[in-house]
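One structure below.
Letters A, B, ... mirror the listed sequences (proteins, then strands); counts begin at 1. Just so it is clear, the values below take in all heavy atoms, side chains as well, and ignore hydrogens, waters and symmetry mates.
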Amino acid sequence: MSFSKGNGTEELLEWYRDNARDLPWRRPGVTGWQILMSEVMLQQTPVSRVAPIWEQWVARWPVPSAMAGSSQGEVLRAWGKLGYPRRALRLHECARVLAADFDDVVPSDVDALLTLPGVGAYTARAVACFCYGARVPVVDTNVRRVVARAVHGLVDAGNPSTTRDLADVEALLPTDTARAATMSAALMELGAVICTARSADCARCPLPDCAWVDAGKPPSTAAPKKVQKFAGTDRQVRGKLLDVLRAGSGAVEKARLDIVWPQDPAQRDRALDSLLVDGLIEQTDDGLFALAGEGAQPSPPRNSSTATR
DNA sequence: TTCCGGCTAA
DNA sequence: TTAGCAGGAA
């Protein structure tokens, strides 16, 4: 397996060396933990939204044990509106495991990384490669698309098969470890900047040859995929409910949550229950709702300021 | 396969 | 209006 005719490895590596974006988590001296935080944040979330939050997190929780010392609620608040807040919860649990079982250091071994909460096939290899320079295929949606086009001549990757994709990319990597690691980063960068889902800027593409271009840029033949709607879904309701708790400082009465989704009480209660099940929120003994880990905290003293009454 | 946020470029 | 975004887990 290789890029269509010529092997575009040298061109791609050179392009990356000269054009890689100056992302904060690519700075020298960034640790495995900090890389891991960036990777989890970047799951389904654009770079521009992640960068400022990541800077705050690196300053606040520079090592796993620091985060393990904070409550889940504190982490959820700091997560803000990045979306998919279960990621934050997993990262917190991951920090606890790293502090307890890994001497506060993110492991470099892919199999060890895969045991960590919130770390899947992509993230494990991304950390092994970007932080520790391992020669492993790093396959995300960008790489999948680049390989589909440049190698297979298709606009989009078909059914994502992790096994096949890993083998595809593995075959593209140079033998030399350092060059292979750079190659993985370059493939991702190419998909993120040049060969994007919306448009392929072939004029600026460093690859000397592309199977998709050679084939005349054929459109997708795949059936239109089902769109995962958002408006009116439980996801939207969960977001609104969680936003109330994130914005406030302590436990709140259910009525405070009810008002953000009055149109469908059944759906609202279902969403609220799912947040409890996910461990994102908790219920206090007196029936109030709070962010996870904050229900036991003394709510703002209601009667202490009796002088004002 | 489906569910899980929130934002924005086109 | 919506497709798409450095995915993971059940």
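- No engagement by Ala126(A) is indicated, since no non-hydrogen atom pair under 4.0 Å with the nucleic acid exists.
- Among the atoms of the strands shown, none is found under 4.0 Å from any heavy atom of Asp278(A).
- Within 4.0 Å (heavy atoms only), Arg125(A) reaches no atom of the nucleic acid at all.
- Few gaps surround CZ on Arg26(A); more than 12 heavy atoms of other groups in view lie less than 6.0 Å from it.
- Evaluation of the salt bridge (charged side-chain N to carboxylate O under 4.0 Å, His left out) rule for Asp109(A) yields no partner, not counting sequence neighbours.
- Between the C1' atom of dG6(B) and the CZ atom of Arg238(A) lies a distance of 14 Å, rounded to the nearest Å.
- For the pair Leu245(A) CG and dG5(B) C1', the interatomic distance rounds to 16 Å; values are reported in whole Å.
- Using modelled atom types and a 3.5 Å distance limit, the side chains of Thr45(A) and Arg87(A) yield a donor-acceptor pair.
- Side chain of Arg145(A) to backbone of Ala157(A): no donor-acceptor contact under 3.5 angstrom is found.
- For residues 10-23 of chain A, proximity to DNA chain C is found at Arg21(A), Leu23(A), defined as any non-hydrogen atom under 4.0 angstrom from a strand atom.
- Counting heavy atoms of neighbouring residues, nucleotides and ligands inside a 6.0 Å radius, atom CZ of Arg90(A) exceeds 12 of them.
- Among the protein residues, Arg87(A) comes within range of the nucleic acid bases, having at least one heavy atom under 4.0 Å from a base atom.
- The local environment of CG in Asp285(A) is sparse, with at most 12 non-hydrogen atoms from other residues, nucleotides or ligands closer than 6.0 Å.
- Heavy atoms of Arg270(A) sit nowhere under 4.0 angstrom from any nucleic acid atom.
- In this structure, of dC4(B), dC5(C), dC7(B), it is dC7(B) that holds the atom nearest to the side chain of Arg49(A).
- Partner Tyr16(A) forms a side-chain contact (heavy atoms from CB on, under 4.5 Å) with one of Met188(A), Met183(A), Glu189(A), Glu11(A) and no other, that one being Glu189(A).
- At a cut-off of 3.5 angstrom, counting only N and O atoms as typed in the model, there is no donor on one side facing an acceptor on the other between the side-chain of Arg198(A) and the base of dG4(C).
- Closest to the Thr45(A) side chain, of the nucleotides dG6(B), dG5(B), dC5(C), is dG5(B).
- Residue Leu242(A) is out of contact with every strand shown, counting any heavy-atom pair closer than 4.0 Å.
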Problem - salt bridge (charged side-chain N to carboxylate O under 4.0 Å, His left out) between Glu10(A) and Arg179(A), intermediate numbers included - result: CA-CA 10 Å; Glu10(A) 290 308 323; Arg179(A) 281 158 48 83; 2.9 Å; yes
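- Ser274(A) comes within 4.0 angstrom of nothing in the nucleic acid, heavy atoms only.
- A side-chain contact (heavy atoms from CB on, under 4.5 Å) with Pro64(A) holds for exactly one of Val105(A), Leu98(A), Leu91(A); it is Leu98(A).
- Residue Trp79(A) is classed as having no contact, given no heavy-atom separation below 4.0 Å to the nucleic acid.
- The distance between atom CE of Met188(A) and atom C1' of dC5(C), rounded to the nearest whole Å, is 12 Å.
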Polar atom pairs (N or O), protein with nucleotides 8-10 of chain C, under 3.5 Å:
residue, atom, partner, partner atom, Å
dG8(C), OP1, Gly120(A), N, 2.9
dG8(C), OP1, Thr123(A), N, 3.0
dG8(C), OP1, Thr123(A), OG1, 2.5
dG8(C), OP2, Tyr122(A), N, 3.3
dA9(C), OP1, Gly118(A), N, 2.8

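- Computed from coordinates, the Leu76(A) CG to dC4(B) C1' distance equals 14 Å when rounded to whole Å.
- The separation between Trp54(A) atom CH2 and dA6(C) atom P is 17 Å, rounded to whole Å.
- For the pair Gln236(A) CD and dT2(C) P, the computed distance is 14 Å after rounding to whole Å.
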Problem - Residue pair Met41(A), Ile53(A): steps toward the side-chain contact (heavy atoms from CB on, under 4.5 Å) verdict - result: CA-CA 9 Å; Met41(A) 288 180 171; Ile53(A) 306 287; 3.7 Å; yes
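- For the C1' atoms, the distance linking dG4(C) with dC4(B) amounts to 16 Å, nearest Å.
- For the pair Gln44(A) CD and dC4(B) P, the computed distance is 14 Å after rounding to whole Å.
- One P atom belongs to dA6(C), the other to dA10(B), and the distance between them is 14 Å to the nearest Å.
- Remark: side-chain polar atoms of Ser70(A) are not paired, donor with acceptor, to backbone N or O of Glu74(A) under 3.5 angstrom.
- Between the CD1 atom of Ile53(A) and the P atom of dG6(B) there is a distance of 13 Å, rounded to whole Å.
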